[in-house]
K.L.:
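Below: one structure in structure tokens.
Nothing here was measured: the structure is a model prediction, and the numbers come from that model. Naming convention: chains lettered A, B, ... in sequence-line order (proteins, then strands); numbering from 1 in each chain.
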Protein chains: 2
Amino acid sequence: MKQPTILDVAERAGVSKSLVSLVMREPERVSDASREAVLRAAQELGYRPNAVARSLVQRRTRVLGVVLSDLHNPFFADVADGIEEAAVERGYRAMLSSGFLEPKRERVAIETMLELRVDGLIMLGSMMKVAKIERMSNALPIALLGRHTRSKALDSVGVDDSAGARKAVDHLVSLGHEKIVHIHAGTAAGAPRRRSGYEKAMRRHGLEPRLVKGAYTESGGAAAMREILEGLDQPTAVFAPNDFAALGAMETIDAAGLDIPGDISLVGYDDLALAGLPRIALTTIGQPRADLGREAVHLLLERLDEGRETARHIVIPPTLVVRTTTAAPRP
Amino acid sequence: MKQPTILDVAERAGVSKSLVSLVMREPERVSDASREAVLRAAQELGYRPNAVARSLVQRRTRVLGVVLSDLHNPFFADVADGIEEAAVERGYRAMLSSGFLEPKRERVAIETMLELRVDGLIMLGSMMKVAKIERMSNALPIALLGRHTRSKALDSVGVDDSAGARKAVDHLVSLGHEKIVHIHAGTAAGAPRRRSGYEKAMRRHGLEPRLVKGAYTESGGAAAMREILEGLDQPTAVFAPNDFAALGAMETIDAAGLDIPGDISLVGYDDLALAGLPRIALTTIGQPRADLGREAVHLLLERLDEGRETARHIVIPPTLVVRTTTAAPRP
DNA sequence: GCGGCCACTTGGAACGTTCCAGGTTCGATG
DNA sequence: CATCGAACCTGGAACGTTCCAAGTGGCCGC
């Protein structure tokens with residue numbers, strides 16, 4: 001049951017522990033005979049280096065912590081995938097911690113990561129105040145993902161939500177829409193930029209922005225859509241703050257007996273996998289999700305392995321994905 | 001930049017390192033005066049216990065490793081959530097590692113977990129041979145999730161796929177269906193049991209099982225459905241091996257201009273979130289996913305904290321979720 | 001006023017590595 | 001044939017904790 005240590009291997013191979021250590025790390029620097037003896041002994045004993053002890057003396061764990069609010073959100077899952085992939089590629093591991101409805105649980109999760117001495121931290125969809133995060137960043141490098149900041153201490157990688165909203169509006173306008181409502185998600189992550197991008201794009205086209213308050217959820221989108229349908233001046237197109245909200249809106253429109261895109265065109269945001277299902281086929285704004293994760297890892301490693309000291313902020317442009325929920329308005 | 005250690009705190013508080021350690025672990029055993037002095041010093045220095053050092057001396061990390069094949073699969077995401085929740089509740093942390101298309105990457109991930117000396121391992125959707133897994137289990141307790149085994153060394157928690165299939169068949173038969181085809185997913189995890197459960201249930205109703213080979217994917221379901229529609233004796237109901245396959249079948253049926261459930265009733269398996277979307281509304285077999293995760297954690301902790309030595313295998317019964325893709329067949 | 005007990009505190013060993021300064025061996029070199 | 005350097009190897013210190021045996025006082029009871 002007890003796992004063999006480097007000393008057991010050294011004894012069996014008839015060499016010093018230091019040599020065993022060297023074989024494990026830089027085998028080419030050891031003579032053939034010793035290397036083979038050590039390797040054989042290790043094999044026979046089932047020796048496995050103890051990363052805990054190694055971390056203690058090296059004072060680095062080669063683990064990157066990732067705290068994210070919700071694994072169910074496929075957006076985060078994709079990003080997490082990119083993170084994991086990039087980390088492994090560079091000789092690091094990713095440790096995920098998820099599921100924060102309340103900020104308190106998030107704080108605990110972060111604290112735990114810090115106690116475990118992860119080498120860097122990626123925060124995904126966090127609502128925590130930037131100042132608070134900055135305070136932690138003297139202990140380790142932190143990258144904010146999917147969130148914008150001008151922080152001098154924190155790195156960030158985000159998508160240009162404003163540009164995404166513009167692409168949605170441009171698409172609808174090019175189809176001939178003029179009455180375009182935006183369901184906005186208040187102050188949720190990214191929502192203000194999507195909203196202001198929408199407003200700016202509308203004005204640029206000489207159109208009047210029309211806003212309805214909703215949320216990033218199916219039910220939030222459904223409720224907002226109900227409000228829109230109860231209004232007087234019916235729009236010909238709706239731009240939802242994300243795909244979930246668009247889905248909710250879609251249900252409400254269906255339930256009202258209206259046709260998409262015949263009566264109302266609908267645009268989402270995020271390009272979740274389900275947006276591509278034939279029965280949904282939602283026109284939406286796509287984001288290179290795995291790339292976001294990879295970029296975040298690279299930002300961290302630039303600090304860790306290359307010694308960068310100043311903050312970097314990366315912005316990735318989103319793309320328009322046209323499916324069948326948008327068409328020219330009825331004449 | 002350098003983090004303070006227990007010695008820094010001890011010096012500042014004017015006590016020994018042992019006392020600081022004690023305050024961190026069992027504050028009630030220390031005099032009020034000392035406790036406060038230590039706590040204040042720790043606070044002022046921003047001291048945070050080093051879990052790496054602690055793990056080394058205690059020879060346990062209080063980390064549970066979770067290797068899963070795919071985070072995108074919402075099933076795994078739900079299970080992972082249950083795992084994380086149960087772990088935190090019991091003073092452990094979960095470390096996720098995901099994304100294995102190839103067995104090789106899975107092996108590396110597991111090896112990494114072992115080097116990090118996680119206290120227990122949960123394997124989710126792994127295709128690795130049981131004998132191989134058993135060989136690792138003398139190093140640490142392992143729980144297999146979503147997979148059945150009679151192993152004497154490994155714990156497992158799974159759903160009763162056979163019973164799930166039976167519920168699907170019973171439901172369809174009670175609606176009046178007799179020509180019920182099952183798309184089976186070959187030897188993929190759980191698939192053989194779903195298939196044999198289907199076969200047994202059919203025979204019990206005096207009906208002839210009818211099988212078509214498919215897969216656990218959308219495209220696999222779509223292809224199988226095409227094969228079914230090209231056949232001579234059209235069924236009135238189709239039981240897919242999972243929701244993704246059902247979705248694929250649904251697309252094929254839609255494309256053929258047939259109505260669900262008018263022409264064909266359709267039952268999925270898994271009850272993914274998307275099965276509940278109004279536009280999909282798939283009748284399916286639901287599994288208490290988060291519970292699966294929680295159970296796996298409990299199994300591990302029974303060994304870790306309560307000293308259980310013999311294997312336990314838990315089977316959780318699934319439930320039928322009726323939506324709108326099933327109805328009585330046309331007379 | 002002394003023994004004993006209790007509450008509290010302490011120093012050193014241990015955990016399993018890596019790192020580093022220095023040691024050994026051996027063949028080549030002048 | 002002494003010296004040198006290269007190639008290879010070694011022992012001890014360090015990493016930051018926990019654990020444990022043992023120490024220190026103060027107070028109580030007789």
K.L.:
Please report the interatomic distance CD1(A:Ile142) to CE(A:Met113), rounded to the nearest 0.5 Å.
P.N.:
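Rounded to the nearest 0.5 Å, the CD1-CE separation comes out at 11.5 Å.
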
K.L.:
Not counting sequence neighbours, which residues clear side-chain hydrogen bond (donor to acceptor under 3.5 Å, both in side chains) with A:Ser18? List them please.
P.N.:
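Scan of A:Ser18 (side-chain hydrogen bond (donor to acceptor under 3.5 Å, both in side chains), adjacent residues dropped) gives none.
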
K.L.:
Suppose we screen for salt bridge (charged side-chain N to carboxylate O under 4.0 Å, His left out). Which residues come up paired with A:Arg12, at least two apart in sequence or across chains?
P.N.:
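Only A:Glu44 meet the salt bridge (charged side-chain N to carboxylate O under 4.0 Å, His left out) criterion with A:Arg12.
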
K.L.:
Suppose we screen for side-chain hydrogen bond (donor to acceptor under 3.5 Å, both in side chains). Which residues come up paired with B:Arg303, at least two apart in sequence or across chains?
P.N.:
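B:Arg303 satisfies side-chain hydrogen bond (donor to acceptor under 3.5 Å, both in side chains) with B:Asp155 only.
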
K.L.:
Going by side-chain hydrogen bond (donor to acceptor under 3.5 Å, both in side chains), name the residues that satisfy it together with A:Asn50, two or more places apart in sequence or in a different chain.
P.N.:
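Testing A:Asn50 for side-chain hydrogen bond (donor to acceptor under 3.5 Å, both in side chains), a comparison that skips the adjacent residues, returns none.
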
K.L.:
Nucleotide range of DNA chain D contacted by chain B, 5' to 3', under 4.0 Å to a heavy atom?
P.N.:
D:dG16 to D:dC19

K.L.:
Does any residue of residues 19-42 of chain B have a heavy atom under 4.0 Å from DNA chain C, and if so, which ones, in number order?
P.N.:
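Under 4.0 Å from DNA chain C: B:Leu19, B:Val30, B:Ser31, B:Ser34.
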
K.L.:
Side chains of residues 123-133 of chain B: which donor-acceptor pairs under 3.5 Å do they make with residues two or more places apart or in other chains?
P.N.:
from, atom 1, to, atom 2, distance (Å)
B:Ser126, OG, B:Glu106, OE2, 2.6
B:Ser126, OG, B:Met128, N, 3.0

K.L.:
Please identify each residue that fulfils salt bridge (charged side-chain N to carboxylate O under 4.0 Å, His left out) with A:Arg54, with sequence neighbours left out.
P.N.:
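A:Arg54: no salt bridge (charged side-chain N to carboxylate O under 4.0 Å, His left out) contacts found.
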
K.L.:
For A:Asp161, is there an ion pair with A:Arg193 - N to carboxylate O distance below 4.0 angstrom?
P.N.:
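Salt bridge flag = no for A:Asp161 with A:Arg193.
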
K.L.:
Enumerate the residues from residues 55-63 of chain B whose closest heavy atom to DNA chain C is under 4.0 Å, giving them by residue number; use none for an empty result.
P.N.:
B:Leu56, B:Val57, B:Arg59

K.L.:
Answer yes when B:Arg60 and B:Asp305 have at least one side-chain N-carboxylate O distance shorter than 4.0 Å, and no when they do not.
P.N.:
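B:Asp305 and B:Arg60: salt-bridged.
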
K.L.:
Output yes when a side-chain donor or acceptor of B:Arg289 lies under 3.5 Å from a complementary backbone atom of B:Asp270, and no otherwise.
P.N.:
yes

K.L.:
So, B:Tyr47 side chain and B:Asp8 main chain: donor-acceptor pair closer than 3.5 Å or not?
P.N.:
no

K.L.:
Considering the terminal five base pairs at each end of the helix from C:dG1-D:dC30 to C:dG30-D:dC1, what angle separates the two local helix axes, rounded to 10°?
P.N.:
60°

K.L.:
Does A:Thr5 reach a base, just sugar-phosphate, or nothing at all? Heavy atoms under 4.0 Å.
P.N.:
sugar-phosphate

K.L.:
Can you work out whether B:Arg117 or B:Gly14 has the more 5'-proximal nearest nucleotide on DNA chain C?
P.N.:
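The 5'-side residue here is B:Gly14.
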
K.L.:
Taking only residues two or more places apart in sequence or in another chain, which ones pass salt bridge (charged side-chain N to carboxylate O under 4.0 Å, His left out) with B:Arg90?
P.N.:
B:Glu306

K.L.:
Can you list everything that forms a salt bridge (charged side-chain N to carboxylate O under 4.0 Å, His left out) with A:Glu302? Sequence neighbours excluded, please.
P.N.:
A:Arg308, A:Arg312

